[in-house]
Amino acid sequence: MKFLRELFTLTPVWVEKGRGRWVLRRRLHPILRATLVVLPMVLGIAWGLNLLLSGRTPEPPSETVDEPVAVLAPDPVSESPELPLSGDTAVAGPVPMPEEVAEPAFPSENVLLGPDRPGGDRSYWVKISKGNYTLSLYRGRDLVKTYRVAVGRNPGNKRRVGDNRTPVGQFRVRSIENSQSWRHDFGDGNGMIAGAYGPWFIRLDTGWKGIGIHGTHDPDSRGTMATEGCIRMSNEEVRELRQYAYRNMKVVIEE
């Protein structure tokens with residue numbers, strides 16, 4: 001017991017600091033000091049031998065890297081989640097996300113995002129004339145086929161969410177989505193309409209959410225201003241167009 005008391009007792013020691021100055025210090029017992037120096041070395045050697053004999057190498061400490069956060073300008077398409085849907089997009093089934101609803105961080109399993117369609121001819125592109133209600137498929141400079149379509153209920157370029165206008169400009173195909181199970185309420189008193197978007201929804205990157213080229217439950221509306229902003233084709237024709245469409249395909253919309 002006496003040895004243990006001495007071992008863990010700080011011993012006062014006078015230490016010469018030079019020029020005749022002495023300072024009183026309290027130090028650990030020499031044995032305890034030696035133990036505190038040697039013990040970590042022994043443990044380190046034992047840990048290294050254990051790793052060597054087990055065939056493993058020590059892993060570096062993990063680092064947490066904070067990913068940069070993009071600061072975006074206010075999104076003009078996320079104003080009113082409770083307003084009626086616009087852009088001719090659906091509210092049930094695998095949701096295509098209307099203009100007023102933010103798009104999901106990850107696409108649903110029915111979204112065909114890429115890579116670009118294997119074997120697809122990237123010389124194909126589309127021009128839509130709102131005034132003529134036509135969608136023309138081109139291959140380079142050659143016209144392949146022209147389809148009759150419906151466009152937004154109101155004339156002019158799109159200015160705000162829910163204005164029922166089809167945007168004008170040069171855009172690209174963002175994704176091609178299976179829309180067979182989508183439904184939509186057009187606010188005409190008929191409630192939810194099954195098959196409102198036909199078999200395919202070719203989503204366009206226009207700066208407005210929910211704008212695309214799709215089929216319809218009402219093919220007689222083609223040749224009119226009838227949509228909430230999208231371009232509406234017959235189901236048979238959108239299936240045909242789907243064979244040529246690919247991600248990043250150029251789409252030009254004119255008045």
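Residue numbers count from 1 along this sequence.
- Looking at I211 and T166, their side chains never come closer than 4.5 Å, going by heavy atoms from C-beta outward.
- Side-chain contact between V149 and M233: present, with at least one pair of heavy atoms (C-beta onward) separated by less than 4.5 Å.
- Within the 4.5 Å cutoff, the side chain of V173 has no heavy atoms near those of the N248 side chain.
- Put simply, CD1 on I128 and OG on S136 are 9.0 Å apart, with the number rounded to the nearest 0.5 Å.
- No continuous path of hydrophobic side-chain contacts links V252 to L241 [ILVMFWY only; heavy atoms under 4.5 Å].
- F186 has its side chain within reach of H217: a pair of non-hydrogen atoms, C-beta onward, lies under 4.5 Å apart.
- Applying the side-chain contact (heavy atoms from CB on, under 4.5 Å) test to N190 and every residue at least two apart in sequence or in another chain returns D188, I193.
- In terms of the side-chain hydrogen bond (donor to acceptor under 3.5 Å, both in side chains) criterion, T224 has no residue partners (sequence neighbours excluded).
- Atom CG in D218 sits 11.5 Å away from atom OG in S234 (nearest 0.5 Å).
- K158 is listed as a side-chain neighbour of D163, based on a closest heavy-atom distance under 4.5 Å.
- Heavy-atom minimum distance, G198 versus S179: O-OG, 2.9 Å.
- When the salt bridge (Lys or Arg N to Asp or Glu O under 4.0 Å) test is applied to D205, the partners found at least two apart in sequence or on another chain are R172.
- For the residue pair E177/S175, the side-chain donor-acceptor check at 3.5 Å is satisfied.
- The side-chain contact (heavy atoms from CB on, under 4.5 Å) search around P199 returns Q180, N235, V238, R239, not counting sequence neighbours.
- Between I253 and V251, some side-chain heavy-atom pair lies under the 4.5 Å cut-off.
- Partners of E240 by salt bridge (Lys or Arg N to Asp or Glu O under 4.0 Å), not counting sequence neighbours, listed by chain and number: K145.
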- Derivation of the salt bridge (Lys or Arg N to Asp or Glu O under 4.0 Å) call for R148 and E237: CA-CA 9 Å; R148 195 76 166 160; E237 290 174 344; over 6 Å; no
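- Taking T134 as the reference, nothing meets the side-chain hydrogen bond (donor to acceptor under 3.5 Å, both in side chains) condition, with sequence neighbours excluded.
- Within the 4.5 Å cutoff, no side-chain heavy atoms of I176 are placed close to those of R203.
- Residue N154 holds its CG atom at 5.5 Å from CG of N164, rounded to the nearest 0.5 Å.
- For residues 126-135, every residue pair satisfying the salt bridge (Lys or Arg N to Asp or Glu O under 4.0 Å) rule, not counting sequence neighbours, is listed here: K130-E255.
- For K250, there are no side-chain hydrogen bond (donor to acceptor under 3.5 Å, both in side chains) partners at least two apart in sequence or on another chain.
- Annotation: side-chain hydrogen bond (donor to acceptor under 3.5 Å, both in side chains) contacts of N132 (sequence neighbours excluded): S129.
- The CZ atom of R232 sits 6.0 Å away from the OG1 atom of T227 when rounded to the nearest 0.5 Å.
- Using a 4.5 Å heavy-atom threshold, the side chains of Y138 and V126 count as separate.
- Nearest heavy-atom pair across G210 and C230 is O-SG, 3.3 Å.
- Listed by chain and number, the hydrophobic cluster partners of L43 are L39, where partners are ILVMFWY side chains within reach of under 4.5 Å, directly or through others.
- One distance of note links OH of Y244 with CH2 of W125; it measures 16.0 Å at 0.5 Å rounding.
- Using cut-offs of 30° and 60° for the angle between ring planes, the F201 and H214 rings count as parallel.
- Under the rule for a side-chain contact (heavy atoms from CB on, under 4.5 Å), the partners of R139 that lie at least two apart in sequence or sit in another chain are D121, S123, Y124, V144.
- Of the inter-residue distances, the one linking I213 atom CD1 with W200 atom CH2 reads 14.5 Å to the nearest 0.5 angstrom.
- With sequence neighbours excluded, no residue forms a ring pair (Phe, Tyr, Trp, His ring centres under 6.0 Å) with Y147.
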I would like to know whether R153 and E228 meet side chain to side chain contact (heavy atoms under 4.5 Å, CB included); could you show each step before the answer? CA-CA 6 Å; R153 295 178 191 140; E228 295 173 346; 3.7 Å; yes
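- The main-chain N or O of L204 is never found under 3.5 Å from a side-chain atom of R174 such that the two would form a donor-acceptor pair.
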